[in-house]
There are 2 protein chains.
Amino acid sequence: MIDQRLITLRVFARCGTVGATAELTGYSPSAVSAQLRELQRVLGMQLLTKDGRGVRLTATGRFLVAGSDTLIAEWETLRAAAMEAGDQVQSHFGLGGFSTAAAQLLAPLAATLRSTRPLLEVQVLEANPSRCFDLLVAERIDLAVIVAMQSDTYGEDDPRFEQTVLLDDPLDVILPADHPLAARQTVTLEELASEPWITEAAGSTYHSLFTAAFTAVGVTPRIAHEAVEWETQIAFVGAGLGVGLLPRLAPLHSAENVVRLRITGKGKPARRIVAAVRRGSIASPLIQESLDILQKTAQRILTTRPEDEA
Amino acid sequence: MIDQRLITLRVFARCGTVGATAELTGYSPSAVSAQLRELQRVLGMQLLTKDGRGVRLTATGRFLVAGSDTLIAEWETLRAAAMEAGDQVQSHFGLGGFSTAAAQLLAPLAATLRSTRPLLEVQVLEANPSRCFDLLVAERIDLAVIVAMQSDTYGEDDPRFEQTVLLDDPLDVILPADHPLAARQTVTLEELASEPWITEAAGSTYHSLFTAAFTAVGVTPRIAHEAVEWETQIAFVGAGLGVGLLPRLAPLHSAENVVRLRITGKGKPARRIVAAVRRGSIASPLIQESLDILQKTAQRILTTRPEDEA
DNA sequence: ACCTATCATGCACCTATTGCGCATGGTTAT
DNA sequence: ATAACCATGCGCAATAGGTGCATGATAGGT
């Protein structure tokens with residue numbers, strides 16, 4: 001119920017370029033340009049200035065965007081309360097999630113909703129966490145399941161979002177099947193200090209988790225190889241190129257020459273998986289039910305894999 | 001920046017019928033009907049129910065409308081703050097006012113704004129106080145100068161508006177020129193207790209003022225005639241049909257056979273003239289400047305007519 | 001210093017939203 | 001029973017708002 005052009009402005013404020021805004025909102029660049037111009041005309045404010053080959057928010061623009069956070073939140077709250085009060089049904093529901101999270105958590109959620117609310121059309125978008133937040137702002141999705149990351153551009157207390165912890169997905173070690181430690185049940189990070197490690201590229205989502213885990217135990221691992229996909233990493237490990245960390249939610253599939261070991265000791269790395277919604281919308285019945293389902297799914301995942309007793 | 005359809009719903013919540021909403025917003029009844037239907041579709045809420053030959057808000061609808069008050073106010077605040085922060089100029093400004101108020105206060109305001117802000121298009125609408133509030137809700141006007149009335153449908157603390165007192169316009173007595181008291185400078189209400197009074201129709205804007213004035217001094221006046229226009233009332237008085245109360249701002253024009261006397265004593269009736277704006281918008285520079293001009297104009301009116309010393 | 005990639009934006013064209021007028025059907029009041 | 005009133009559906013027209021391409025401007029690479 002907030003004017004689309006203001007939403008567009010907010011997305012622009014995030015990504016800084018008309019083209020990116022267009023890509024994110026689903027409009028063409030021309031449309032975004034026109035919308036922003038219209039917005040300025042209607043409000044009688046100059047919100048943008050030319051800056052090099054791009055455009056940049058003016059002070060007024062930044063002010064407006066900053067202030068609109070509470071406005072959006074207020075609307076979401078109102079909407080949620082009205083839905084609650086009149087127990088109305090929503091017609092569309094957009095979900096966003098990242099790789100394994102999407103597969104393991106979002107798929108059951110979508111399936112459940114599809115059966116409990118037949119006339120609700122659920123749409124799932126796979127996207128990385130940062131983009132999920134963008135999609136939330138752009139109102140393309142209503143709920144995102146992502147991996148919480150420290151030092152992200154989106155803080156945990158961003159006024160635009162509300163986040164709920166779903167589960168801590170522990171990281172396991174994967175070893176070549178012929179590795180000396182492969183027969184063990186568990187292993188500590190210290191025992192693997194001198195191994196050649198296979199990790200993601202520096203700066204990627206999980207790389208910081210990787211380093212954090214080792215700094216916690218005071219060890220500096222040697223990074224031998226880098227991979228971007230879990231599958232690739234597993235293949236590398238299977239080829240005997242080194243060892244790696246794999247979230248427990250990520251399936252090992254049919255990698256016969258790779259074993260998965262749980263980590264014990266004080267360095268027990270985990271990735272925190274959270275659900276994020278637009279601030280205010282959390283009171284919505286649909287969001288509530290979804291969070292409930294996600295929590296239950298998360299619990300089920302943790303209990304059907306009874307580990308981590310220490 | 002709030003969706004037009006929500007504005008329309010709010011207007012509908014005021015007047016209760018699609019036709020009246022159409023008249024107030026400037027749309028056709030079909031358009032209002034379509035807008036409300038669209039709103040329900042987009043939000044996925046049932047906001048209206050058939051009720052006899054009309055439609056009625058559902059509980060959800062009422063809830064939404066009630067909650068939207070703060071949303072609108074929040075937006076107005078944000079808009080005002082942004083205008084203030086970036087000292088931007090507004091392009092359109094709608095004023096509403098009632099009869100003498102409009103003439104005496106709004107006309108100077110419009111004239112001043114026209115000279116100080118040449119590229120601002122000012123629109124003045126004459127409308128009665130109740131309609132002025134409706135027009136504010138409908139966003140047809142941005143500022144209204146009205147006569148404050150107790151027991152109106154719009155309370156002084158309505159969450160949708162903010163009101164500023166401009167002046168208390170005292171009521172004078174008008175007498176036929178040949179009346180025994182006509183030569184006096186001042187008169188008390190008690191002295192006129194037994195006169196035949198000419199007033200507006202019961203239930204009208206000023207009738208309550210009339211009765212309030214007399215109950216204050218413990219006198220029950222005899223109402224002989226009723227008129228709806230000041231001019232008519234003055235003509236009645238001129239014809240010797242009785243006496244009446246006339247706001248000081250209302251000009252006597254060329255009524256040669258009528259004299260105007262000030263009222264002394266403890267019953268000194270006055271009509272309170274206030275400016276009303278949508279809540280939140282009061283911080284806007286344009287509104288601020290307008291209120292300033294109105295206050296000054298009101299002061300000038302009161303001082304150039306130096307009276308009321310008791 | 002040129003060339004190229006990148007961006008925003010204007011223009012021409014098109015679509016579909018959206019508003020209006022009129023007619024219809026349902027409902028209350030006389 | 002008839003009349004008045006109200007909301008709404010339908011056909012039609014206008015226009016707001018979309019896309020795609022071309023243009024102009026700028027930064028960076030060579």
Side-chain angles (χ1 to χ4, degrees), chain A residues 1-58 60-62 64-65 91-92 131 134 138-140, chain B residues 1-58 60-62 64-65 91-92 134-135 138-140:
Chain A
M1 227 15 49
I2 308 294
D3 194 296
Q4 176 60 41
R5 293 165 294 187
L6 186 58
I7 306 295
T8 303
L9 181 73
R10 287 166 54 81
V11 176
F12 174 85
R14 269 295 308 150
C15 43
T17 120
V18 171
T21 307
E23 192 279 330
L24 210 64
T25 55
Y27 290 111
S28 71
S30 323
V32 171
S33 184
Q35 279 193 18
L36 295 178
R37 190 202 336 240
E38 261 304 286
L39 183 65
Q40 296 182 87
R41 198 191 60 78
V42 169
L43 294 183
M45 305 181 191
Q46 188 178 351
L47 303 172
L48 302 172
T49 326
K50 283 192 190 302
D51 179 42
R53 59 184 166 188
V55 287
R56 175 175 45 87
L57 281 180
T58 65
T60 313
R62 278 192 300 275
L64 190 66
V65 169
S91 66
H92 185 267
R131 184 175 170 84
D134 290 343
E139 305 202 346
R140 291 275 296 276
Chain B
M1 229 14 47
I2 307 295
D3 195 294
Q4 177 59 41
R5 293 165 293 187
L6 185 60
I7 305 294
T8 303
L9 181 73
R10 287 166 55 82
V11 176
F12 174 85
R14 269 293 310 148
C15 43
T17 119
V18 171
T21 307
E23 192 279 329
L24 211 64
T25 54
Y27 291 111
S28 74
S30 325
V32 171
S33 183
Q35 279 193 18
L36 295 178
R37 176 151 24 124
E38 258 306 285
L39 183 63
Q40 296 182 88
R41 197 191 61 77
V42 169
L43 295 183
M45 305 181 189
Q46 188 177 352
L47 303 172
L48 303 172
T49 326
K50 284 190 191 301
D51 179 42
R53 59 183 165 188
V55 287
R56 176 174 44 87
L57 282 180
T58 64
T60 312
R62 277 192 301 277
L64 190 66
V65 169
S91 66
H92 185 268
D134 289 344
L135 289 171
E139 306 202 345
R140 290 276 296 277

Next item on the list: Whole angstrom is fine here: how far is it from CG in B/D3 over to P in C/dT18?
Entry: 9 Å
Notebook entry, point to check: What integer distance in Å separates A/Y27:OH from D/dT19:C1'?
Noted result: 13 Å
Next item on the list: Would you please confirm or rule out a distance under 4.0 Å between OP1 or OP2 of D/dG28 and any side-chain N or O of A/R53?
Entry: no
Next item on the list: Look at A/R131 together with A/E23 and state whether they make a salt bridge at an N to O cut-off of under 4.0 Å.
Entry: yes
Next item on the list: Check every strand shown and say whether B/S30 touches a base, only sugar-phosphate, or nothing at a heavy-atom separation below 4.0 Å.
Entry: base
Next item on the list: Please report, rounded to the nearest Å, how far the P atom of C/dA8 is from the CD atom of A/E23.
Entry: 13 Å
Note to self: If I take atom CG in residue B/L48 and atom P in nucleotide D/dA7, what distance separates them, rounded to the nearest angstrom?
What the structure shows: 10 Å
Next item on the list: Indicate whether OP1 or OP2 belonging to C/dG19 is found under 4.0 Å from a side-chain N or O atom of B/Q35.
Entry: yes
Note to self: Between P on C/dT18 and CD1 on B/I7, what's the gap in Å once rounded to a whole number?
What the structure shows: 16 Å
Next item on the list: Report the residue from B/L47, B/D3, B/T8 that forms a side-chain contact (heavy atoms from CB on, under 4.5 Å) with B/L39.
Entry: B/L47
Note to self: Any heavy-atom pair between the side chains of A/I7 and A/T25 that's under 4.5 Å?
What the structure shows: no
Check: Judged by atom type as modelled, is there a donor-acceptor pair below 3.5 Å linking the side chain of A/Q46 to the main-chain atoms of A/T58?
Finding: no
Note to self: I need the CG-P distance between B/D51 and D/dA7, as an integer number of Å.
What the structure shows: 10 Å
Notebook entry, point to check: Does A/T17 place a side-chain N or O at less than 4.0 Å from the phosphate oxygens OP1/OP2 of C/dA8?
Noted result: yes
Next item on the list: Report the residue (A/V32 or A/G52) whose heavy-atom-nearest nucleotide on DNA chain D is the more 5′ of the two.
Entry: A/V32
Margin query: If we ignore hydrogens and angles and just use 3.5 Å, is the side chain of B/R140 paired with the main-chain N or O of B/L24 as donor and acceptor?
Written below: yes
Item checked: Atom-pair distance (CG on B/L57; C1' on D/dA7), nearest Å -> 15 Å
Note to self: Looking at C/dG21, I'd like to know if its phosphate oxygens (OP1 or OP2) sit under 4.0 Å from a side-chain N or O belonging to B/S28.
What the structure shows: no
Next item on the list: For B/R56 and D/dC6, give me the distance from atom CZ to atom C1', rounded to whole Å.
Entry: 15 Å
Next item on the list: Check every atom of C/dT18, D/dT19, D/dT8 against the side chain of B/V18 and return the nucleotide holding the closest atom.
Entry: D/dT8
